[in-house]
2 protein chains.
Amino acid sequence: MTEKELFIRIGKNITRIRKSKGYTINHVAAECDMEKSNLIPIEKGRINVTAGTLLRIAEVLEVDVKEFFKI
Amino acid sequence: MTEKELFIRIGKNITRIRKSKGYTINHVAAECDMEKSNLIPIEKGRINVTAGTLLRIAEVLEVDVKEFFKI
DNA sequence: ATACAAGGTATGATATATCATACCTAAAAA
DNA sequence: TTTTTAGGTATGATATATCATACCTTGTAT
């Protein structure tokens, strides 16, 4: 698996879980205390996100970080 | 869970899996095409490692990235 | 029509992950 | 003793994640 494929997988998982909870990007970004200009590219798989950022997103989405790596 | 706690968890999992496979830090760093001056602090939980770096390590250790987030 | 919300892009600044290299110690092997 | 080997630290350079802000489009609601 390439890095790019991993990034896209992570992004799609975040988007899927976020929508399943009915949250908007703006809401999650605000709760994570992060900028949507960072969250949007993460969801689109354009960014090599850090573990710390994944943790912040996971806590707002009320899931374990592991969920973001699932196929 | 704090960021620091996550970093330490990731680092301990990497160290544990690496040793279980009988690999040295130098071996894994070389196979990952990364510097041990980066891998050592990652194993010690001092660094906010990126998803891409976790992927490279996971492939050398022949595990899924998810393993690094387990308790 | 007009305001607002949601997703998205662009850009410059700042923080920091990673690289590259050199050096150190302790333990094991020659 | 001498030489490796493994783990570890220090430092400066480079790449890039994240911040902060402004702006755009589309759809929806007022």
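By convention in this document, chain letters (A, B, ...) are assigned in the order of the sequence lines, proteins followed by strands, and residues within each chain are numbered from 1. What you see is a predicted model; the values in this text were computed from it and never measured.
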Does NZ in B:Lys4 sit with more than 12 non-hydrogen atoms of other residues, nucleotides or ligands closer than 6.0 Å?
-> yes
Hey, is NZ on B:Lys21 packed in by over 12 heavy atoms from elsewhere, all under 6.0 Å?
->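 Yes, enclosed.
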Give a yes or no on whether the backbone of [Y] and the side-chain of [X] come within a donor-acceptor separation of less than 3.5 Å.
X	Y	result
A:Asp64	A:Ala58	no
A:Arg18	A:Leu61	no
A:Arg9	A:Phe69	yes
A:Asn13	A:Lys70	yes

Close N/O contacts between protein and nucleotides 2-5 of chain C (under 3.5 Å):
none

B:Val63 and B:Phe68: side chain to side chain contact (heavy atoms under 4.5 Å, CB included), yes or no, with the steps?
-> CA-CA 9 Å; B:Val63 295; B:Phe68 299 154; 3.9 Å; yes
Let me know, please, whether B:Arg46 or B:Thr50 comes out on the 5' side of the other along DNA chain D by nearest nucleotide.
-> B:Arg46
Closer to the 5' end of DNA chain D via nearest nucleotide, is it B:Asn48 or B:Lys19?
->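 Checking each residue's closest nucleotide, the 5'-ward one belongs to B:Lys19.
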Would you classify [X] as touching base, sugar-phosphate or nothing, given that sugar-phosphate means primed atoms plus P, OP1 and OP2, and contacts are heavy atoms under 4.0 Å?
X	result
B:Ile40	base
B:Lys44	sugar-phosphate
A:Ser37	base

Which comes earlier along DNA chain C counting from the 5' end, the contact point of B:Arg56 or that of B:Lys36, where each point is its nearest nucleotide?
-> B:Arg56
Which is the 5'-most and which the 3'-most nucleotide of DNA chain D that has an atom under 4.0 Å from a heavy atom of chain A?
->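 The footprint of chain A covers D:dA17 to D:dT21.
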Closest contact, heavy atoms only, A:Glu67 versus A:Ile17 =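 Scanning both residues, the minimum pair turns out to be CB-CD1, 4.1 Å.
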